[in-house]
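First up is the structure itself, then whatever we jot down about it.
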Amino acid sequence: MESTANLLIRNARLVTPTGVRVGNCFVRDGRIAALGEVKSPGRVPELDTDGRYLAPGFLDLHVHGGAGADFSAGDPDAARAIAAFHAQHGTTGLLATIVPGPRDRMRRAMAAAVGVPGVLGIHLEGPFLNPEKAGALDPTWFLPPSRDAFRKLVAGFEGAIKLVTLAPELPGALDLVAEIGAIGAVPALGHTAATFDQATAAFHRGAHHVTHLGNAMTGLHHRNPGGVGAALLSGASLELVCDGVHVHPAFVRLVVEFLRGRGELGRLSLVSDATAPAGMPDGSYRLGDRDVHLQRGEVRLSDETLAGSTLTLDQAMQNALQLAHLSLEDALTLVTANPARVLGLDSQLGTLTVGARADLVLLDPDLTVSSTLHRGEITSRGS
Ligand SMILES: [Zn+2]
């Protein structure tokens, strides 16, 4: 959806990389053309924000669904509905995250998501995963790592696939790490029983992201520091599902304080891991070919296994801000600049700077989303 929107956004609290300051934001041809004391260039629509925060739109590396719909179903209308739902919560870019299934179905899901406004690409959460750490994913469809299986799965979608989660301890997985990198995607550890040494070896071989840190991986034990220990000590970027359910609030604080102490908060991205029930009433929904049930704000399989979340990034940011005593600027980087950097898009997205794409969010003083703009056009108002 290319647009050539011009807009003068007035009287905003601009959340820039160098702090919050009051000013205007001039959008020309869908990009930020000027910030600060910008005068009206005339004959340009104006939007007075009443002093609201103007921040970059949120970026979510891990979204399965929302508004009742599931990316893995392979329906373009459903894909559009999911992106529109998350846009109401400030997310202007997301990775459509596809669960293991029959190859044809996974490929249909990729085709349905590619080109949908707000979908930045595909996150393949599998199928080269460890059945011991399946979580809510269906291990029936897990595959042993193989270059041939990978090439057949991704053929024709190489440019769209941005992230691939795999279990590095499986035989042949380390060879796939290079293969994933070769198509320009980020090789990520997840749904893995890797020991500390196995995970560390994968980071040395080029894996540089960790899918939902702490979930579906080996934990931090003092004699077996596990995948979590290896992830923290690596330079890899880390995802956290900060919904108060997937990880303990103290774990959020431990991770944030550890990274902040090393000056590495830039490695952390909050993700929603949202599934179809996000934004919906209690009931039963689908994740791939499985039924998932929403009750009391938690999404689970019939056997009580957690099955993603109902989280959206506006809420994730507020949770992190409170749990880990972050400043607004720091909390915002966890849903903007940091995920942009994972994708190599940090000069274009996730930053309020001149030249960046005008994918923006206006936040009320209590940080609820007031409106969302794609390339300078208002696409949704609040939720
Ligand atoms: Zn997931």
Side-chain angles (χ1 to χ4, degrees), residues 59-67 69-74 78-79 82-83 85-86 91 94-101 105-106 109-110 113 119-142 161-167 180 185-193 207 209-217 227-228 231 237-243 245-247 269-279 285-294 298-301 304-313 315-316 335 339 342-343:
L59 304 170
D60 196 338
L61 301 171
H62 197 145
V63 180
H64 295 284
D70 179 13
F71 277 122
S72 296
I82 296 163
F85 165 73
H86 286 279
T91 297
L94 58 80
L95 294 187
T97 304
I98 294 170
V99 299
R105 195 176 70 205
M106 291 183 77
M110 292 186 236
V119 173
L120 297 173
I122 305 292
H123 174 175
L124 289 178
E125 194 174 9
F128 310 107
L129 306 175
N130 192 328
E132 280 175 47
K133 296 287 183 182
L137 308 180
D138 185 351
T140 311
W141 305 111
F142 290 11
I161 295 168
K162 304 297 180 196
L163 225 158
V164 180
T165 298
L166 84 169
I180 292 164
V186 175
L189 265 68
H191 292 274
T192 167
H209 186 73
V210 178
T211 299
H212 43 50
L213 181 71
N215 297 112
M217 63 192 298
V228 170
S237 48
L238 310 171
E239 292 180 1
L240 212 48
V241 186
C242 191
D243 63 349
V245 178
H246 276 72
V247 293
S269 295
L270 305 182
V271 297
S272 68
D273 201 1
T275 47
Y285 302 88
R286 301 288 278 182
L287 175 63
D289 50 9
R290 291 191 142 177
D291 288 320
V292 299
H293 311 285
L294 172 61
E298 298 179 9
V299 189
R300 294 182 184 271
L301 302 179
E304 296 291 304
T305 305
L306 269 179
S309 83
T310 59
L311 194 60
T312 46
L313 285 190
Q315 189 62 50
V335 291
V342 173
L343 298 173

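In each ligand, atom 1 is the first atom listed, and ligand 1 is the first ligand listed. Just so we're clear, the structure is a prediction, and the values are computed from it rather than from any experiment.
No donor-acceptor distance shorter than 3.5 angstrom exists from the side chain of His293 to the backbone of Arg300, with no hydrogens or angles considered.
For the Zn ion (ligand 1), the nearest N, O or S atom contributed by His62 is named NE2.
The distance from atom NE2 of His62 to atom OG1 of Thr211, rounded to the nearest 0.5 Å, is 6.5 Å. A distance of 10.5 Å separates CG in Leu240 from NE2 in His246, rounded to the nearest 0.5 Å.
Rounding to the nearest 10°, we obtain 160° for the angle at the Zn ion (ligand 1) between Asp273 OD1 and Glu125 OE1.
Aromatic ring centres of His64 and His123 lie farther apart than the 6.0 Å criterion allows.
Taking backbone and side chain together, His64 holds an N, O or S atom under 2.8 Å from the Zn ion (ligand 1).
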